[in-house]
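One-based numbering, in listed order, for ligands and for the atoms of each. Nothing fancy with the numbering, it's 1 onward along the sequence.
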Amino acid sequence: MRIHVVDHPLVAHKLTTLRDQRTDSPTFRRLADELVTLLAYEATRDVRTDSVDITTPVCRTTGVRLARPRPLVVPILRAGLGMLDGMVRLLPTAEVGFLGMVRDEDTLKASTYATRMPDDLSGRQVYVLDPMLATGGTLVAAINTLIERGADDVTALCLLAAPEGVAVMERELAGQPVTVVTASIDERLNEHGYIVPGLGDAGDRMYGTAG
Ligand SMILES: O=P(O)(O)OC[C@H]1O[C@H](OP(=O)(O)OP(=O)(O)O)[C@H](O)[C@@H]1O
Ligand SMILES: O=c1cc[nH]c(=O)[nH]1
Ligand SMILES: [Mg+2]
């Protein structure tokens with residue numbers, strides 16, 4: 001497993017406003033959308049392409065287009081849904097699958113309540129969207145599901161990651177073809193499994209009270 005932290009002043013600026021507890025839900029959704037577009041630029045660096053011959057108004061030339069089979073984008077409901085539009089705007093040919101997962105707030109164990117994606121993912125590049133990598137339980141389970149279906153290239157886009165969750169991913173997914181792209185590795189998890197400094201509950205901030 002590889003991890004890539006996107007170190008860019010625009011990312012840091014938007015992330016700071018996202019973290020601020022005064023930021024209301026509509027602004028939070030807009031910033032999450034903008035941030036995923038910036039992360040996607042890094043996350044798709046190795047997206048597969050084919051060469052294609054075209055004619056410009058001036059001459060014939062060879063360019064590239066996104067390869068087949070189409071990439072699959074999988075948001076993890078609920079909070080990951082807020083990252084979907086920004087991602088498919090950059091990857092217009094992508095197919096979209098869905099994983100509904102929730103973490104028990106007492107045991108911090110993740111469970112899956114909905115799965116809707118192709119059974120066979122062999123040869124597919126998969127992009128998983130989840131804003132928060134906290135204990136890592138959700139993302140490890142999600143990525144194992146994708147690998148069991150044959151995915152051989154998985155990239156997770158997370159707005160924030162905790163060092164504890166990164167360590168769990170590195171241990172549980174050692175040797176697997178997995179990359180995590182994040183805007184920040186924060187300081188730690190608190191006693192409730194929340195990322196510190198973090199941004200609170202991403203799903204609630206995205207879809208909770210409008211503030
Ligand atoms: O790394 P972990 O410790 O597993 O925690 C991270 C998960 O927790 C949050 O989801 P939550 O369970 O709150 O569901 P929601 O998106 O519906 O709010 C978040 O969106 C991640 O999916
Ligand atoms: O800090 C955290 C941890 C898990 N889930 C969230 O939404 N936020
Ligand atoms: Mg939540």
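- Checked for salt-bridge contact, Arg124 and Asp152 miss the test: no charged N lies under 4.0 Å from a carboxylate O.
- Looking at Arg149 and Asp119, a side-chain N of the basic residue comes within less than 4.0 Å of a carboxylate O on the acidic one, giving a salt bridge.
- Contact check for Leu121 versus Leu146: side-chain heavy atoms found under the 4.5 Å cut-off.
- Within the 4.0 Å heavy-atom criterion, both parts of Ala79, backbone and side chain, lie near ligand 1.
- With hydrogens left out, the protein atom closest to atom 3 (O) of ligand 1 is Thr135 OG1, 2.6 Å, a heavy atom.
- For ligand 2, the atoms lying closer than 4.0 Å to a non-hydrogen atom of Ala134 are 3 (C), 4 (C).
- Considering backbone and side-chain atoms alike, Gly136 places an N or O below 3.5 Å from some N or O of ligand 1.
- At least one heavy atom of Arg103 sits less than 4.0 Å from an atom of ligand 2.
- Using modelled atom types, one finds a donor on one side chain and an acceptor on the other under 3.5 Å when comparing Arg60 with Thr55.
- Counting heavy atoms from C-beta outward, Leu84 and Val88 have side chains that approach closer than 4.5 Å.
- In this structure the side chain of Thr182 never reaches within 4.5 angstrom of the side chain of Leu159, judged on heavy atoms.
- For atom 10 (O) of ligand 1, no protein non-hydrogen atom is found at a distance below 4.0 Å.
- Between Asp33 and Lys14 there is no salt bridge, since no side-chain N of the basic residue sits under 4.0 Å from a carboxylate O of the acidic one.
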Going through the distances and angles, do Asp24 and Thr27 end up as a side-chain hydrogen bond (donor to acceptor under 3.5 Å, both in side chains)? CA-CA 6 Å; Asp24 63 15; Thr27 311; 2.6 Å; yes

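- Near Val102, with a cut-off below 4.0 Å to any heavy atom, the atoms of ligand 1 are 12 (O).
- Atom 7 (O) of ligand 2 has as its closest protein heavy atom Ala202 N, 2.8 Å.
- Contact annotation: for Ala110 versus ligand 1, there are no heavy atoms closer than 4.0 Å.
- Polar contact check, Gly200 against ligand 2: a nitrogen or oxygen pair lies under 3.5 Å apart.
- In terms of protein heavy-atom proximity, atom 14 (O) of ligand 1 is closest to Met101 O, 3.9 Å.
- Using a 4.0 Å cut-off to heavy atoms of Met132, the atoms of ligand 1 that qualify are 6 (C), 19 (C), 21 (C).
- For ligand 2, the atoms closer than 4.0 angstrom to any heavy atom of Gly193 are 3 (C).
- Heavy-atom contacts of Gly203 reach the following atoms of ligand 1: 18 (O) (cutoff under 4.0 Å).
- Residues Arg70 and Thr93 bring no donor and acceptor atom of their side chains to less than 3.5 Å of each other.
- Residues Thr37 and Arg89 meet the side-chain proximity criterion, which asks for heavy atoms closer than 4.5 Å.
- No donor-acceptor pair closer than 3.5 Å links the side chain of Tyr127 to the backbone N or O of Thr44.
- Salt bridge present: Asp186 and Arg19 bring a charged side-chain N and a carboxylate O closer than 4.0 Å.
- Looking only at protein heavy atoms, the nearest one to atom 13 (O) of ligand 1 is Asp201 OD2, 3.9 Å.
- Within 4.0 Å of atom 6 (C) of ligand 1, at least one protein heavy atom is present.
- When only non-hydrogen protein atoms are considered, atom 1 (O) of ligand 2 lies nearest to Ile195 N, 2.8 Å.
- Ranking protein heavy atoms by distance to atom 19 (C) of ligand 1, first place goes to Asp130 OD1, 3.6 Å.
- Heavy atoms of Gly198 come nearer than 4.0 angstrom to ligand 2 in no pair at all.
- When only non-hydrogen protein atoms are considered, atom 4 (O) of ligand 1 lies nearest to Thr138 OG1, 2.5 Å.
- Coordination check, Asp204 versus the Mg ion (ligand 3): failed, since every N/O/S atom of the residue sits at 2.8 Å or beyond.
- The backbone N or O of Phe98 lies less than 3.5 Å from no partner atom in the side chain of Arg116, so there is not a single donor-acceptor pair.
- For the residues Met132, Arg78, Met206, the heavy atom positioned nearest atom 5 (N) of ligand 2 is part of Met132.
- Considering both main-chain and side-chain atoms, Arg78 comes within under 3.5 Å of ligand 1 through a nitrogen or oxygen pair.
- Distance from atom 12 (O) of ligand 1 to its nearest protein heavy atom, with residue and atom name: Arg103 N, 2.8 Å.
- The cationic atom of Arg103 (NZ for Lys, CZ for Arg) lies less than 6.0 Å from the six-membered ring centre of Tyr194 and within 45° of the ring axis.
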